[in-house]
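Below, read A as the first sequence line, B as the second, and so on, with proteins coming before strands; counting in each chain starts at 1. Keep in mind that the numbers below use all heavy atoms, side chains included, and drop hydrogens, waters and symmetry copies.
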Protein chains: 2
Amino acid sequence: MEQTRAAKAAGGAKAVGAAAIGPCAAIPAEHMAFIREVLDRVGDKWSLLLIAVLEPGPLRYTELQRQVPGISQRMLTLTLRQLQQDGLVARTAYAEVPPRVEYALTPLGRGLHEIATSLVGWAAAHHDEIRENRARTISAQPGAGAHA
Amino acid sequence: MEQTRAAKAAGGAKAVGAAAIGPCAAIPAEHMAFIREVLDRVGDKWSLLLIAVLEPGPLRYTELQRQVPGISQRMLTLTLRQLQQDGLVARTAYAEVPPRVEYALTPLGRGLHEIATSLVGWAAAHHDEIRENRARTISAQPGAGAHA
DNA sequence: CGGTATCCCCTCTGATACTG
DNA sequence: CAGTATCAGAGGGGATACCG
């Protein structure tokens, strides 16, 4: 998420409008930036899953593939790289004859995992509530499920 | 996120492989589903921002546009709809001559806001650490920033 | 084993214009 | 004011094939 256009638009809006239309008090903009930053990293399809899988202990590349069903090599590598760059995951390559590489959570990564856990906790506590709401609201839409 | 192909692929992998290769113990799959479900809703560009803005109190459509600089009508409406469907936000339309519509956080929405706040807290506490790590790791890549 | 490179589709997001 | 509809672009993400 976060295309060039988006950044440009936001920047433009801020530069031109912030002083003119008045800033948003609720989102102090620093917070907004933090949200976006974390979300862009964590909001993708696999990061959190990888972190969750890595939490018990280090795993090898192939193990990760096995434990996260549905992920492609491409995405596994890509996500791992991202996590590495952010210092959430540490990569250790052993120069052995059969190459072995292990990925482990860093302390920082474990911290994020804590947050993720609370998120999961919330989700687990309310997911059926959400699903109910969703089903109800969707069927309440005009032209949907009414009769024809 | 979550294309049709992805769902199909995941389904196939699970149906064929789950029993064969063994399931993932670390991500009990229920949790995985929760993560994905919440993330898909919350991981987009605006949901959390909207929730954050709505937290102090109900706002009108135009107010929301003002408070979230950079959002387009399309995205505002779309995100609002999603939030509504999940029961995170309540929409109230007043049948007045100048149409007025107010959006407010539901208790469920406030709960999510709590989580988001902790996420923001974490981000605020570690964002510079992450940025450092990122800068360092990126410049450590072969051929990037080395000298040429 | 552990990755990289390529192709391609699909969804998200934004811009713009129009309606009740 | 509060939306909806259409157009267009960018990037994420999957499948496949190939390399060290």
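If you check D/dA2, C/dA15, C/dC1 against the side chain of B/Y61, the one that comes closest is D/dA2. Comparing D/dA2, C/dT4, D/dG20 by their nearest atom to the side chain of A/R81 picks out C/dT4. Residue A/T77 has its side chain nearest to C/dG3 when only D/dA2, C/dG3, C/dG2 are considered. Relative to the side chain of B/R74, the nucleotides D/dT6, D/dT4, C/dG2 differ in distance, and D/dT6 lies closest. Of the candidate nucleotides C/dC1, C/dT13, D/dT16, C/dC1 has the atom nearest to the side chain of A/T62. Taking every side-chain heavy atom of A/V101 into account, C/dG3 is the closest of C/dT16, C/dG3, C/dT13. Of the candidates D/dT4, C/dG2, C/dT13, C/dT13 carries the atom nearest the B/M75 side chain, counting heavy atoms from C-beta on. Of all nucleotides listed (D/dA2, D/dT16, C/dG14), C/dG14 comes nearest to the side chain of B/W46.
With rounding to whole Å, A/L80 atom CG is found 15 Å from C/dC1 atom C1'. As rounded to whole Å, 17 Å separates atom C1' of D/dG13 from atom CG of A/L48. Between the CD atom of A/E96 and the P atom of C/dG3 there is a distance of 13 Å, given to the nearest Å. Note: CD (A/Q84) to P (C/dG3) measures 9 Å, nearest angstrom. One interatomic measurement links the two molecules: CD of A/Q82 to C1' of D/dG13, which rounds to 13 Å at whole-angstrom precision. Look at CG on A/L59: it is 11 Å from P on C/dG2, rounded to the nearest Å. Atom CD1 in A/I71 sits about 13 Å away from atom P in C/dG3, given to the nearest Å. One atom, CG of A/L78, and another, C1' of C/dT6, lie 14 Å apart when rounded to the nearest Å.
In this structure, A/Y94 reaches neither bases nor backbone, as no heavy-atom distance under 4.0 Å exists between it and the strands shown. Counting non-hydrogen atoms under 4.0 angstrom, A/P99 reaches a base of the nucleic acid.
Atom NE2 of residue B/H126 and atom CG of residue A/D86 lie 13.0 Å apart, to the nearest 0.5 angstrom. The CZ atom of B/R36 lies 8.5 Å from the CG atom of A/L48; values are rounded to the nearest 0.5 Å. In this structure, the separation between NE2 on B/H127 and CD on B/E132 is 10.0 Å, given to the nearest 0.5 Å. For the atom pair OG1 (B/T79) and CG (B/D44), the distance works out to 5.5 Å, reported to the nearest 0.5 Å.
In plain terms, the two heavy atoms of A/V101 and A/Y103 that are nearest each other are CG1-CE1, 3.7 Å. Considering every non-hydrogen atom in both B/A125 and B/D128, the closest pair reads O-OD1, 4.1 Å.
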Throw together a table of side-chain donor-acceptor distances under 3.5 angstrom for residues 108-119 of chain A, partners on residues two or more places apart or in other chains.
residue, atom, partner, partner atom, Å
A/R110, NH1, A/L105, O, 3.4
A/T117, OG1, A/H113, O, 2.8
A/S118, OG, A/I115, O, 2.6

Contacts under 3.5 angstrom, residues 52-64 of chain A side chains, donor-acceptor by atom type, not counting sequence neighbours:
residue, atom, partner, partner atom, Å
A/Y61, OH, A/Q73, O, 3.3
A/Y61, OH, A/T77, OG1, 2.8

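One end of the helix from C/dC1-D/dG20 to C/dG20-D/dC1 points its axis 40° away from the other end's axis, with each axis taken from 5 pairs and the angle rounded to 10°.
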